[in-house]
Amino acid sequence: MKKMKKIFAGLVCGLLLFCTGCGQEQVRQVRSVDTAMGTVVQQTIYIAGTESAPVQDILALIRDLEERELSRRLETSEVWAMNASAGSAEGIQMSSFMTDNMIKCLEMWRRSEGAFDVTVGTVATLWDIDGWAAEERRETFAPPEAEQLAEALESCGSDKLSIEENRLRLREGMRLDLGAVGKGIALDHIASYLQEKEYITGAIISLGGSVVTYGRKPDGSSWNVGITDPADTSSSVGILVLEGQWFVSTSGDYERYVELNGIRYHHIIDPATGYPADSGVAGVTILARDGFLSDALSTACFILGEEKGMELAESYGAEVLFVGKDGRVTMSEGMRQYYQPGD
Ligand code: AMP
Ligand code: MG
């Protein structure tokens, strides 16, 4: 009898395998890890048929955006030209791509009551945030003097720039820094690219702390996006279980920082003080249908903290999850259906 059962089970398994094989195109998984935009790019893409993997195209798309548009360090970029125009009476004509993004940044600045502000460039430069990637710069780090900070803050504030039609005018000394939205903008472009390619059936692509999920896996299982535990970045506080296209962005005090005399100085500046934001939050994760929004909101909510951040995210129709410095996890009501706590 046992033997009969085994044969029967074998037959059923064989049939199932046969059925998933026939009538359906073979789907391949392609994975890669690279660096671009100063961070790690991880791609997992599912491809139907024999098309070649678009991993290099996606990397080129990210690098092009950085080199041509968003970098504040590369002289080839539009942001570099915008910064170089600061102080000139005529200002500079922006591309329509840049104008759209700058208008969205200004709206986020207004709605976050100034917490999110892409004019923090002068203050970010004073802190040498970009330099912290290099060990020798971390070793010689000293926080800026209060007077230096006060002076740098004079050149910050989105109320000090003007946009008329496509023309941007920045006051002398102002420096834009689009680091808070660059990854989200890139993920929006990547999502459009994925949609154009019929042979791509699913993908999960991360750019540092920002992730896009797209389509589905061949086995029909969900996309799981881990939420890093700020207290132990090798583990996660939980996962988001997602179907189809979503953008998840996390801002945390563990992503880029220096430590001196037991104090951690991180890369998210509170424009009200010029110092790293200190709202009691160690990590913020946003779930949204738009990459720009998820990235901008994660930075804004980190500065605003739990209460005001929750209000802002919900006003944009996004979900938010906070990990406090004390490890406490709180989230918007709508986030609960996607969140699974870790063990
Ligand atoms: P994210 O990792 O997306 O939260 O972005 C952090 C980056 O945004 C920093 O490295 C800075 O380049 C920039 N940034 C820092 N503070 C602010 C702020 N208050 N508003 C907008 N951008 C900021
Ligand atoms: Mg951001």
Side-chain angles (χ1 to χ4, degrees), residues 37-40 66 70-74 77 79-80 83 101-102 104-133 149 152-153 155-159 161 174-188 206-212 228 230 233 247-258 265-279 281-288 290-305 308-309 312-313 316 318 320 322-323:
M37 269 192 182
T39 191
V40 179
E66 186 185 21
L70 300 173
S71 173
R72 70 191 182 101
R73 281 165 286 124
L74 302 176
S77 84
V79 165
W80 195 90
N83 282 338
N101 282 306
M102 283 301 292
K104 287 197 274 182
C105 287
L106 284 186
E107 187 182 345
M108 185 62 73
W109 167 74
R110 190 176 52 75
R111 287 171 69 166
S112 69
E113 294 172 2
F116 176 92
D117 195 335
V118 288
T119 68
V120 292
T122 313
V123 173
T125 305
L126 185 60
W127 281 98
D128 191 29
I129 289 174
D130 288 339
W132 297 349
L149 261 183
L153 277 173
S155 302
C156 298
S158 286
D159 51 335
L161 63 76
M174 284 183 91
R175 292 290 177 270
L176 299 170
D177 175 349
L178 269 62
V181 286
K183 296 184 282 294
I185 293 172
L187 291 184
D188 280 331
S206 70
L207 241 178
S210 295
V211 184
V212 62
T228 302
T233 54
F247 296 87
V248 180
S249 185
T250 298
S251 291
D253 67 3
Y254 53 86
E255 285 183 321
R256 212 183 305 165
Y257 63 89
V258 276
Y265 299 90
H266 62 75
H267 67 312
I268 303 173
I269 304 289
D270 182 348
T273 62
Y275 282 88
D278 186 16
S279 62
V281 165
V284 180
T285 298
I286 299 285
L287 175 66
D290 177 279
F292 175 96
L293 190 61
S294 67
D295 200 359
L297 275 176
S298 68
T299 311
C301 291
F302 185 95
I303 299 155
L304 287 174
K308 284 189 165 178
L312 179 70
Y316 272 102
V320 58
F322 296 90
V323 184

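Just so it is clear, the model here is predicted, and its values are computed rather than measured. In listed order, ligands and their atoms are each counted from 1. Heavy atoms only: backbone and side chains are in, while hydrogens, waters and symmetry mates are out.
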Engineer: If you take the nearest heavy atom of each of Cys301, Ser210, Ala180, which one is closest to atom 8 (O) of ligand 1?
Structural biologist: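 Among Cys301, Ser210, Ala180, the closest heavy atom to atom 8 (O) of ligand 1 belongs to Ala180.
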
Engineer: Near the Mg ion (ligand 2), is there an N/O/S atom from Ser251 that is less than 2.8 Å away?
Structural biologist: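 False for Ser251.
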
Engineer: Please determine, by modelled atom types, if Ser155 and Thr122 share a side-chain donor-acceptor pair under 3.5 angstrom.
Structural biologist: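 There is no such pair between these side chains.
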
Engineer: What is the closest protein heavy atom to atom 17 (C) of ligand 1, and at what distance does it sit?
Structural biologist: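 Checked against all protein heavy atoms, atom 17 (C) of ligand 1 sits closest to Val120 CG2, 3.7 Å.
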
Engineer: At the 4.0 Å heavy-atom cut-off, does Pro271 count as touching ligand 1?
Structural biologist: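 Under 4.0 Å: yes for Pro271.
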
Engineer: Report the C-alpha distance between Val181 and Phe116 in whole Å, list the side-chain angles of each, state the deciding distance to 0.1 Å, and finish with yes or no for side-chain contact (heavy atoms from CB on, under 4.5 Å).
Structural biologist: CA-CA 10 Å; Val181 286; Phe116 176 92; 3.8 Å; yes

Engineer: If you round to the nearest 0.5 Å, how far is OG1 of Thr119 from CG of Leu153?
Structural biologist: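 With rounding to 0.5 Å, CG (Leu153) is 9.5 Å from OG1 (Thr119).
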
Engineer: Closest heavy-atom contact between Phe247 and Ser294?
Structural biologist: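 Smallest interatomic distance, heavy atoms only, reads CB-OG, 3.6 Å.
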
Engineer: Rounded to the nearest 10°, what angle sits at the Mg ion (ligand 2) between OG1 of Thr299 and OD1 of Asp295?
Structural biologist: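 That angle works out to 180° after rounding to 10°.
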
Engineer: Should you measure from each heavy atom of Glu255, which atoms of ligand 1 turn up under 4.0 Å away?
Structural biologist: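 In order of numbering, the contacting atoms are 2 (O).
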
Engineer: Supply the atom-to-atom distance Thr285 OG1 to Phe302 CZ, rounded to the nearest 0.5 angstrom.
Structural biologist: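 Spacing of OG1 (Thr285) from CZ (Phe302) equals 11.5 Å.
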
Engineer: What do you reckon, does Ala115 put a non-hydrogen atom under 4.0 Å from ligand 1?
Structural biologist: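 Heavy atoms of Ala115 do come under 4.0 Å of ligand 1.
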
Engineer: Can you tell me the protein heavy atom closest to atom 11 (C) of ligand 1 and the distance?
Structural biologist: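 Heavy-atom neighbour on the protein nearest atom 11 (C) of ligand 1: Asp177 OD2, 3.3 Å.
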
Engineer: For Lys308, does the NZ atom have more than 12 heavy-atom neighbours from other residues, nucleotides or ligands under 6.0 Å away?
Structural biologist: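 Check fails, neighbour count at 12 or below.
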
Engineer: Evaluate Ser251 for polar contact with ligand 1, using N/O atom pairs at a separation under 3.5 Å.
Structural biologist: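 Looking only at distances, the answer is yes, because the N/O contact criterion of under 3.5 Å is met.
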
Engineer: So which heavy atom on Ala282 is nearest to which on Pro230, and how close?
Structural biologist: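 Here Ala282 and Pro230 meet closest at CB-CB, 3.6 Å.
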
Engineer: Of the backbone atoms (N, CA, C, O) and the side-chain heavy atoms from C-beta on, which set of Ala277 has a member under 4.0 Å from an atom of ligand 1: side chain, backbone, both, or neither?
Structural biologist: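 Within the 4.0 Å criterion, Ala277 makes no contact with ligand 1.
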
Engineer: Against heavy atoms of Gly179, which atoms of ligand 1 measure under 4.0 Å?
Structural biologist: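 Those of ligand 1 that fall under 4.0 Å from Gly179 are 5 (O), 7 (C), 8 (O), 12 (O).
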
Engineer: Any nitrogen or oxygen of Asp295 lying under 3.5 Å from a nitrogen or oxygen in ligand 1? Just yes or no.
Structural biologist: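 Among all N and O atoms of Asp295, at least one is under 3.5 Å from an N or O of ligand 1.
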
Engineer: Where is the tightest heavy-atom contact between Ala115 and Ile303, given as atom of each residue plus distance?
Structural biologist: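 Scanning both residues completely, I find the closest heavy atoms to be O-CD1, 3.3 Å.
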
Engineer: Side chain, backbone, both or neither: which part of Ile303 comes within less than 4.0 Å of ligand 1 when only heavy atoms are counted?
Structural biologist: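 Near ligand 1, Ile303 shows its side chain, while the N, CA, C and O stay back.
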
Engineer: Report yes if some N/O of Asp117 lies less than 3.5 Å from some N/O of ligand 1; otherwise report no.
Structural biologist: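 Between Asp117 and ligand 1, an N or O pair is found under 3.5 Å apart.
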
Engineer: When rounded to the nearest 0.5 angstrom, what distance separates CG in Asp128 from OH in Tyr265?
Structural biologist: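 Rounded to the nearest 0.5 Å, the CG-OH separation comes out at 14.5 Å.
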
Engineer: Before you tell me yes or no, could you show the steps for Leu312 and Leu304 under side-chain contact (heavy atoms from CB on, under 4.5 Å), namely the whole-Å CA-CA distance, both residues' side-chain angles and the distance that decides it to 0.1 Å?
Structural biologist: CA-CA 9 Å; Leu312 179 70; Leu304 287 174; 3.7 Å; yes

Engineer: To the nearest 0.5 Å, what is the distance between SG (Cys156) and CG (Asp177)?
Structural biologist: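 Here the interatomic distance stands at 10.0 Å.
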
Engineer: Can an N, O or S atom be found in Ala180 less than 2.8 Å away from the Mg ion (ligand 2)?
Structural biologist: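 Yes - counting backbone and side chain alike, Ala180 has an N, O or S atom under 2.8 Å.
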
Engineer: Side chain, backbone, both or neither: which part of Ile269 comes within less than 4.0 Å of ligand 1 when only heavy atoms are counted?
Structural biologist: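 Looking at Ile269 and ligand 1, atoms from backbone and side chain both fall under 4.0 Å.
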
Engineer: Would you mind running through ligand 1 and noting each atom that sits below 4.0 Å from a heavy atom of Ile268?
Structural biologist: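 By the 4.0 Å cutoff, the relevant atoms are 4 (O), 15 (C), 16 (N).
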
Engineer: Atom OG of Ser298 and atom CD1 of Ile286: how far apart are they, to the nearest 0.5 Å?
Structural biologist: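 So the OG of Ser298 and the CD1 of Ile286 are separated by 6.0 Å.
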
Engineer: Of the protein's non-hydrogen atoms, which lies at the shortest distance from atom 6 (C) of ligand 1, and what is that distance?
Structural biologist: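 Protein heavy atom at minimum distance: His267 CD2, 3.5 Å.
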
Engineer: Got the closest protein heavy atom to atom 1 (P) of ligand 1, with its distance?
Structural biologist: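 Checked against all protein heavy atoms, atom 1 (P) of ligand 1 sits closest to Thr299 OG1, 3.3 Å.
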
